[in-house]
Number of protein chains: 2
Amino acid sequence: MTRSKKYASSTDVARLAGVSQSAVSRTYKPGASVSEETRAKVLAAAEQLDYRPSMIPRIMLTQRSHLVAIVIGGMYNPFYATVLERFTSRLQAGGWQVLLLHVDSGHSFDAAIPRLAGYRVDAIVSALAVLGPDTAEALARFRIPVISFNTPAQNDFLSSVCCDNTGAARAAADLFAARGARRFGYIAGPADSPANQDRLGGFRDRLRELGLPEPAVLGGHFRYEGGYASALQMCAGPDRPDAIFCANDLVAIGAIDALRRELRLKVPDDVMIAGFDDIPAAGYAGYDLTTFVHDAARMVDESLKILRAATAAPPEPHEHRVVVPAMLIERGTTARRA
Amino acid sequence: MTRSKKYASSTDVARLAGVSQSAVSRTYKPGASVSEETRAKVLAAAEQLDYRPSMIPRIMLTQRSHLVAIVIGGMYNPFYATVLERFTSRLQAGGWQVLLLHVDSGHSFDAAIPRLAGYRVDAIVSALAVLGPDTAEALARFRIPVISFNTPAQNDFLSSVCCDNTGAARAAADLFAARGARRFGYIAGPADSPANQDRLGGFRDRLRELGLPEPAVLGGHFRYEGGYASALQMCAGPDRPDAIFCANDLVAIGAIDALRRELRLKVPDDVMIAGFDDIPAAGYAGYDLTTFVHDAARMVDESLKILRAATAAPPEPHEHRVVVPAMLIERGTTARRA
DNA sequence: TTGTAGGCGTTATCAA
DNA sequence: TTGATAACGCCTACAA
């Protein structure tokens, strides 16, 4: 149940096997020159002592920990759970281990940096909105490669892999227009979120280009309750929009519930809705929500490509800003005949 | 962007500050005896070199890594995202770091064990269904304390913290009975899941005790689609149940969508539904699902209590099997007058 | 193919 | 309060 003895060391194994410590070391190094006889003796002794080579001295010697820190904020958005899972699998497959860091503010990120440095992580992946310029600066001082997931790089010290929010928002405007919408709304996320800014910007710009009216804008959270309240307010009056683009799916689902239950409006007949993220609930028949989805697979792959290049010895040149297109998933909430 | 130099070491700092390496070490050790003058010199030099003490040699010396591995399977169930987040926050607050391990089968768990041992993790938390007896045995050999989250301990080598599934299922039977239900159904999860077994068992036993009929049982997955299909099949005939307990919320939500959209049945008027987990969608107005929720906070806290005791030096005695009651969240899908 | 020896960056012990 | 020194467990020359 609890550790009663220390881990066995290679020296312990060597003693038991009657060989030198280097022989043990070589036994566990692929492609080293050890005789079958020695190897057998070592493995037998190791088995008996439950020996596993420690990574720790290796880290000291090689200056590489094979540890990658993943920093995340709230996981209330299932998208991040997906990303985290995929990252973890891929990194493990590549011989890395994941040091998970939970952070709920820029401040707590700063506080965590010394710890990351203490474990000598090879790289940091930030899937986080709170990576501000100061934090980025602090990270840069340790010369640890940082990959910012979904937050554009603000300086030369970190790379970023982002979803093309602007392009997706433009596509939403096109879709609504093609379905015959006339009055538009945007239910926003936090004003300081770059993703939210780009989605609003792309949506508004494209509507303008199409000669359509400005969208009404409300909101300020990425949460269900925010969508619920904003939809209520936005659609209570006479001039309500007949197509609403929502900052994300949680917001969109909140909006749908509000429209149906409080205002007795039909989706998509009275109001079309589109969201962002394709969370599981978006696919439930009860919502059947048209949405855009980050190409998580490709974003993770691009991140890993950067990571490999940046942690190579010597470091290889690589992209610093990658933008990956979002994918439209058209479902029932925009299924209206123009 | 990329590491051009190695991390600075305490020796580098000592040289620059004109003091001994030990002086640097002491400066970073709380409560050590260093003069203000020396400390100032050290801190200045450290600042200049961007020095952070490394944890790595400390691990070698103290035999404690302050690393806790959390092993998870699929995160499609948001409950695990919540648990992971809470665990991570709490562990960090307690001075630990989290090594995240993704595992998709018992086999890949086994494959990962040497890595965990290699990083000399202080403990392992498994939030996983695939922790079989063999894997548990293999873990025990390394004498690393293992805490199994939501899977009962199978041997003396690991502790477990579980939700009281049986008790919750009995409460579901009571609730349905109190609301006047007469015919019952259970949409099951995987047959080899202990959680599923306990939920079915408790539900069935309690119905029997109440002198009510046996529930119809269908299903076999913890997923939306499984609930959808099973509900369809279970309620298509004339003798359909008027109260269905579902193995979890995803299943319940699938069932609700199927009943409403395919069979035009009303929830809760025609069929009452209860689930398990209280995933976000359960709270959406569109579902308003009655459900049971793991007391994640308390389960994590109990786990940490065990973890602290088991990793203490010397190890302290502690509970090996903790069962935490689930909490009933009564919502609209059981709101029927008896 | 083997063993010896030095070093990685800390902490702990001891003497000064 | 300080500095020298010996670990910790492994890897990597180097010599045998």
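Per chain, numbering begins at 1; letters A, B, ... match sequence-line order. As the structure is a computational prediction, the values presented were derived from the model and not from experiment. Computed from heavy atoms alone, side chains included, the values below leave out hydrogens, waters and symmetry copies.
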Using a 4.0 Å heavy-atom cut-off across all strands, classify [X] as base, sugar-phosphate, or nothing.
X: B:S25; result: base
X: B:V24; result: nothing
X: B:Y28; result: nothing
X: B:S33; result: base

[N] phosphate, OP1 or OP2, under 4.0 Å from [X] side-chain N/O:
X: A:R58; N: D:dC11; result: yes
X: B:R64; N: C:dT11; result: no
X: B:Q21; N: C:dT11; result: no
X: B:S20; N: D:dA4; result: no
X: A:Y7; N: D:dC10; result: no

Given B:I113, B:I147, B:L139, the one that forms side chain to side chain contact (heavy atoms under 4.5 Å, CB included) with B:I124:
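Single side chain to side chain contact (heavy atoms under 4.5 Å, CB included) partner of B:I124 among B:I113, B:I147, B:L139: B:L139.
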
Identify the two heavy atoms, one from A:V68 and one from A:V125, that lie closest to each other, and give their separation to 0.1 Å.
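So the minimum-distance heavy-atom pair works out to CG1-CG2, 4.1 Å.
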
Does B:M60 or B:K29 map to a spot on DNA chain C nearer the 5' end, using the closest nucleotide for each?
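Comparing both residues, the 5'-ward one is B:M60.
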
Whole-Å distance separating the CD atom of A:E37 from the P atom of C:dT2
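My rounded result for the distance is 8 Å.
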
For the pair made of NE2 in B:H66 and C1' in C:dT11, what is the distance, rounded to whole Å?
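These atoms are roughly 13 Å apart.
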
Can we say B:R298 and B:D301 salt-bridge, meaning some charged N sits less than 4.0 Å from an Asp/Glu carboxylate O?
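Result for this pair is no, no salt bridge flagged.
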
How do A:I56 and A:S22 order along DNA chain D: which one's closest nucleotide is nearer the 5' end?
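Going by which nucleotide is closer to the 5' end, it is A:I56.
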
Both A:M55 and B:R26 contact DNA chain D. Which one's nearest nucleotide lies toward the 5' end?
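In this pair, the answer is B:R26.
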
Any sub-3.5 Å donor-acceptor pair from B:R39's side-chain atoms to B:T27's backbone N or O?
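Yes, B:R39 side chain to B:T27 backbone: donor-acceptor pair under 3.5 Å.
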
